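None of these values were measured; they are calculated from a predicted model.
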Amino acid sequence: MTTDTTTKTPEAAVVPSPGASPVKKRAAQGHGRLLTRRDRFTLALMAGVPTILHVLLVWVTAIASIFLAFTTWDGIGFDSIKWVGLDNFKQLFNDNPQFWPAVEHNIIWFVVLILIPTPLGLFLAVQLDKKIRFSRVYQTAFFLPVVISMACIGFVWQLVYNPDTGLINSIIGANKPGHYIDWIGDPHLNLWAVLIAASWRHTGYMMILYLAGLKSVDPSLREASALDGANEWQTFKSVIFPTLRPTNTVVLVVTIIEALRAFDLVFVFNKGAQGTELLSILVTNNIIGESSRIGYGSAIAVVLLVISLAVIIPYLIATFRKERRA
C-alpha cells in the first residue's frame with residue numbers, strides 16, 4: 001500500500017488560479033488616500049477664514065489699541081496721530097473724576113457676581129443633579145435669561161423698576177405721588193438695581209457650568225463616601241466640591257470677564273451716568289462720543305486689559321501648578 005505525498009512550495013501556494021481575481025492591497029488603499037485639490041481648498045477655507053478674522057478682529061485691534069493709548073487721534077486720517085507718551089494715563093489717573101468710581105463699580109460688580117449668583121447657581125446645579133422630576137423644565141427656565149440679549153434684559157427690568165407702573169413699586173406701595181422710589185435715577189440705588197438684573201442672568205450661566213461639572217464626577221466617589229457613612233453635606237464638601245476645581249477655574253475666569261465687560265445692561269438703564277459709571281462705558285463715550293478721543297479711550301481700554309490679566313493669569317498659573325503636583 002502506497003501513499004502519494006505531494007509537497008507544495010510556498011510559491012505554488014501563493015499563486016492564484018487562472019480564474020481568480022488579483023488580491024487588492026486594502027491597507028495601503030485605506031490609509032494612503034491623498035487629499036484632492038478640492039479637499040485642500042475646502043480645508044484651507046474652513047480653517048483660514050476664521051483664523052484671519054480672529055487675528056484681524058482680536059489681535060490686531062488689541063495691539064492697535066495698545067499703540068493708540070500712547071497717542072492722540074481724532075479718528076480722521078492717520079496723519080493726525082501724534083505720539084504723547086504717558087500723557088493719556090496721567091490725565092486718566094489724575095484729572096478724570098469718573099475713572100476711579102468706574103474702577104470701584106467694576107470691582108463691586110465682580111464681588112457681587114462671585115458672592116451671590118455663583119453660589120446660587122451651584123446650589124441649583126446640585127439640586128438639578130439629583131434627577132428630580134421636571135429637571136429639564138427647570139434647567140430651561142433658569143437658563144433662559146442667558147440666551148436673551150442683555151439689551152432685552154435691560155428693557156424688561158426697566159419695566160420692573162418703573163416708578164409709576166413697575167412691579168416692585170406696585171408691590172411695596174411706592175407708586176403713589178410723594179412715595180416714589182426711583183430705582184434707576186437714584187445714584188444710591190441704581191447700581192444695586194442693575195446688579196440684581198445682572199445676577200438674575202448670571203445665576204443661570206453658573207448653574208449650567210456647575211451642572212456640566214457635576215455630570216463628570218465619577219459615581220464611584222459618591223458610593224464610596226456613602227459606604228464610609230458620610231452624609232450628603234459631607235460628601236459634597238469633602239468629595240464632590242474638590243473634584244470641581246477645573247469648573248471653579250472656568251467660573252472665576254468667566255465671572256471676571258463678565259464683571260469687566262459689563263456694558264449693555266448699564267447702557268440701556270441710564271447710559272452709565274449718575275452712579276453707574278463703568279470702565280467700558282468710559283471707553284465707549286471717549287471713542288464714539290461727540291468729541292472722539294480715540295487715544296484717551298484706548299488708554300482706558302488698556303487699563304481694563306491690564307486689570308483683567310493681572311487677576312486671571314496668576315490664578316491660572318497657581319491652578320495649573322496644583323494640578324501638576326497632584
What residues join Leu56 in its hydrophobic cluster, counting side-chain heavy atom gaps under 4.5 Å, either direct or through other members? Ile52, Val55, Val60

Does the side chain of Asn286 reach to within under 4.5 Å of the side chain of Val283, using non-hydrogen atoms? no

Heavy-atom side-chain proximity of Phe70 to Val84 below 4.5 angstrom: no

d(Ile256 CD1, Arg261 CZ) to nearest 0.5 Å is 13.5 Å

Donor-acceptor check, side chain of Thr118 to backbone of Leu115, threshold 3.5 angstrom: yes or no? no

Close side-chain approach of His105 to Leu191, heavy-atom, < 4.5 Å: yes

Is it true that a side-chain atom of Gln91 and a backbone atom of Asn88 form a donor plus acceptor pair closer than 3.5 Å? no

Closest contact, heavy atoms only, Pro119 versus Ile116: CD-O, 3.4 Å

ILVMFWY network linking Leu128 to Val137, side-chain heavy atoms under 4.5 angstrom: yes

Check ring-ring contact (aromatic ring centres under 6.0 Å, His included) between Tyr205 and all other residues, then give those that pass, not counting sequence neighbours. none

State, to 0.1 Å, how close Val146 and Gly204 come at their nearest heavy-atom pair, and which atoms those are. CG2-C, 3.7 Å

Using the ring of each side chain (for Trp, its six-membered ring), is Phe89 parallel, tilted or perpendicular to Phe93, with breaks at 30° and 60°? tilted

All heavy atoms of Leu278 vs all of Ala102, minimum pair found to be C-CB, 3.6 Å

Looking at side-chain heavy atoms only, is the closest gap between Ser199 and Leu113 below 4.5 Å? yes

Assess, by modelled atom type and distance only, whether the side chains of Ser80 and Trp73 contain a donor and an acceptor separated by less than 3.5 Å. yes

Heavy-atom donor-acceptor pair, Asp129 side chain to Ala125 backbone, under 3.5 Å: no

Checking side-chain polar atoms at under 3.5 Å, does Tyr180 have a donor or acceptor matched by the opposite partner on Asp164? yes

Could you give me the CA-CA distance, side-chain angles and deciding distance for Leu68 and Ile81, then say whether side-chain contact (heavy atoms from CB on, under 4.5 Å) is met? CA-CA 8 Å; Leu68 291 174; Ile81 299 178; 4.3 Å; yes

Distance only, no hydrogens: is a donor on one side chain within 3.5 Å (strictly under) of an acceptor on the other, for Tyr296 and Asn96? yes

Roughly how far apart are Ser149 OG and Phe155 CZ, rounded to 0.5 Å? 8.5 Å

State, to 0.1 Å, how close His202 and Pro117 come at their nearest heavy-atom pair, and which atoms those are. CD2-CG, 3.8 Å

Atom CZ of Phe142 and atom OG1 of Thr203: how far apart are they, to the nearest 0.5 Å? 9.5 Å

Side chains of Ser170 and Leu167: does their closest heavy-atom pair fall under 4.5 Å? no

Backbone N/O of Lys90 and side chain of Asp95: donor-acceptor pair under 3.5 Å: no

Check the angle between the aromatic planes of Trp59 and His54 and answer parallel, tilted or perpendicular using the 30° and 60° thresholds. perpendicular

Non-hydrogen side-chain atoms of Asn248 and Phe241 separated by less than 4.5 Å: yes

CG of Leu92 to CG of Leu86: how many Å apart, nearest 0.5 Å? 12.0 Å

Between the CH2 atom in Trp157 and the CZ atom in Arg201, the distance rounded to the nearest 0.5 Å is 13.5 Å

Any side-chain heavy atom of Leu304 within less than 4.5 Å of one from Ile300? no

List the steps, then state whether side-chain contact (heavy atoms from CB on, under 4.5 Å) holds for Met206 with Leu122. CA-CA 7 Å; Met206 297 297 99; Leu122 176 59; over 6 Å; no

Would a distance-only check, ignoring hydrogens and angles, find a side-chain to backbone donor-acceptor pair under 3.5 Å from Ser238 to Thr235? no

Lys82 vs Thr71, side-chain contact (heavy atoms from CB on, under 4.5 Å): CA-CA, chis, key distance, verdict: CA-CA 5 Å; Lys82 297 181 180 179; Thr71 64; 6.0 Å; no

Step by step, would you call Val254 with Val250 a side-chain contact (heavy atoms from CB on, under 4.5 Å)? CA-CA 6 Å; Val254 168; Val250 175; 4.1 Å; yes

Side chains of Trp183 and Asn162: do they bring a donor and an acceptor to under 3.5 Å? no

Counting only heavy atoms not in Lys215 (residues, nucleotides, ligands), do more than 12 fall under 6.0 Å from its NZ? yes

Is there a path from Ile76 to Phe78 through hydrophobic residues (I, L, V, M, F, W, Y) whose side chains come within less than 4.5 Å of each other? no

For Ala230, does its backbone N or O pair with a side-chain atom of Asp228 as donor and acceptor, under 3.5 Å? no

Could you check if a side-chain atom of Gln158 sits within less than 4.5 angstrom of a side-chain atom of Ile184, using non-hydrogen atoms only? yes

Less than 3.5 Å apart, any donor N or O on the side chain of Thr36 or Asp39 sitting next to an acceptor on the other? yes

Indicate yes or no: does Lys237 engage Glu232 in a salt bridge with an N to O separation below 4.0 Å. no

Is there a continuous path of hydrophobic side-chain contacts, each under 4.5 Å between heavy atoms, that joins Ile63 to Val58? no

To the nearest 0.5 angstrom, please state how far the CD1 atom of Ile168 sits from the CG atom of Leu159. 11.5 Å

Leu309 and Pro314 have their tightest heavy-atom pair at O-CD, 3.7 Å

Do Asp87 and Arg293 meet the salt-bridge criterion of a basic N to acidic O distance under 4.0 Å? no

Cluster link Val156 to Phe267, ILVMFWY, side chain under 4.5 Å: no

Indicate yes or no for a side-chain donor-acceptor contact from Ser135 to the backbone of Ile132 under 3.5 Å, with no hydrogens or angles considered. no

Same hydrophobic cluster for Trp192 and Ile171, using side-chain heavy-atom links shorter than 4.5 Å among ILVMFWY? yes

Looking only at non-hydrogen atoms, find the nearest pair between Ile196 and Tyr161 and report the distance. CB-OH, 3.5 Å

Start with the C-alpha gap between Phe123 and Tyr210, add the side-chain angles, then the distance that decides, and say whether ring-ring contact (aromatic ring centres under 6.0 Å, His included) holds. CA-CA 9 Å; Phe123 173 77; Tyr210 276 118; over 10 Å; no

Closer than 3.5 angstrom, by distance alone: can the side chain of Asp182 be matched with the main-chain N or O of Gly185 as a donor-acceptor pair? yes

